Amino acid sequence: MWKIVLALLAAVYAVAYAIPGGISDIDSNDESVQMALNFSVAQHNNNNNATYLHKVTQLIKAQYQVVSGMLYHLTVNLASTTCKKDSINEKCDIQTAPELAQTFQCNFTVWHQAWMNNTQLTKHECLETSKSA
Ligand SMILES: *[C@@H]1O[C@H](CO)[C@@H](O)[C@H](O)[C@H]1NC(C)=O
Ligand SMILES: *[C@@H]1O[C@H](CO)[C@@H](O)[C@H](O)[C@H]1NC(C)=O
Ligand SMILES: *[C@@H]1O[C@H](CO)[C@@H](O)[C@H](O)[C@H]1NC(C)=O
Ligand SMILES: *[C@@H]1O[C@H](CO)[C@@H](O)[C@H](O)[C@H]1NC(C)=O
C-alpha cells in the first residue's frame with residue numbers, strides 16, 4: 001500500500017516539477033538567452049550571402065528545453081543595417097534606404113552543452129518579411 005502511495009507521489013512530483021524534454025518559456029533578459037541570441041545572429045551573418053550585416057530588432061519568443069544540455073528556441077525579427085560584413089566596430093544603424101532595407105523573421109535553435117564546450121545552431125529558418133525583395 002505505501003509503495004503504491006509513494007509511487008503515486010513520485011509520479012505527481014515528476015509531472016509537476018521535472019518533465020524531461022518539455023519546452024518552457026524563459027525570460028528574454030536571461031544571460032543565457034542573450035548569449036544564444038548573439039551566437040545565432042553571428043552564425044546567421046556568417047551563413048548568408050547578404051552584403052550588409054543583419055541585426056536583431058525584436059526578440060519575439062524565447063524558450064528552453066533540456067535535451068542532453070540545453071536547447072534555446074528563439075523567434076526574432078532582424079533587419080539589414082548600414083554595416084557591410086567586413087566593417088569593424090562601426091555603429092550599425094538599421095538600413096533606411098528603400099532599395100537596401102530588408103527585414104526578416106527567423107527561428108533559431110541553439111544547442112548548448114556547457115560541459116562539452118559545445119554550442120551549435122541546430123535550426124536556422126528565416127523568411128524575408130520586407131515587401132521589396
Ligand atoms: C551580446 O552582444 C551585444 C552586442 O554585440 C553585447 O553588448 C552583449 O554584451 C552580448 N551579450 C552576451 C551575453 O554575450
Ligand atoms: C551563397 O552563394 C553561394 C554561391 O553562389 C551558394 O552556393 C550558397 O548556397 C549561397 N548561400 C546561401 C545561404 O544562400
Ligand atoms: C571553448 O571553445 C572556444 C572556441 O572553440 C575556445 O576559445 C575556448 O578556449 C574553449 N573553452 C574551454 C574552457 O575549453
Ligand atoms: C517559425 O516557427 C513557427 C512555429 O513553428 C512557424 O509558424 C513559422 O512559420 C516559423 N518561421 C519561419 C521563418 O520559419
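Keep in mind that what you see is a predicted model, and the values were worked out from it rather than measured. One-based numbering, in listed order, for ligands and for the atoms of each.
- For atom 9 (O) of ligand 4, the nearest protein heavy atom is 4.0 Å or more away.
- For atom 5 (O) of ligand 4, no protein heavy-atom neighbour is found at a distance under 4.0 Å.
- Of the candidates E128, Q105, H124, Q105 brings a heavy atom nearest to atom 13 (C) of ligand 4.
- Residues N45 and V41 meet the side-chain proximity criterion, which asks for heavy atoms closer than 4.5 Å.
- Of the protein's non-hydrogen atoms, E125 OE1, 2.9 Å is the one closest to atom 14 (O) of ligand 4.
- Listed by chain and residue number, nothing satisfies the salt bridge (charged side-chain N to carboxylate O under 4.0 Å, His left out) test with D30 (two or more places apart in sequence, or in another chain).
- Side-chain contact annotation: K85 with N48, donor-acceptor N/O pair under 3.5 Å present.
- The ring of Y72 has its center no closer than 6.0 angstrom to the ring center of H112.
- Here the shortest heavy-atom distance to atom 3 (C) of ligand 4, taken over T129, L127, N107, belongs to N107.
- In this structure, L100 and Y52 approach most closely via the heavy-atom pair CD1-OH, 3.8 Å.
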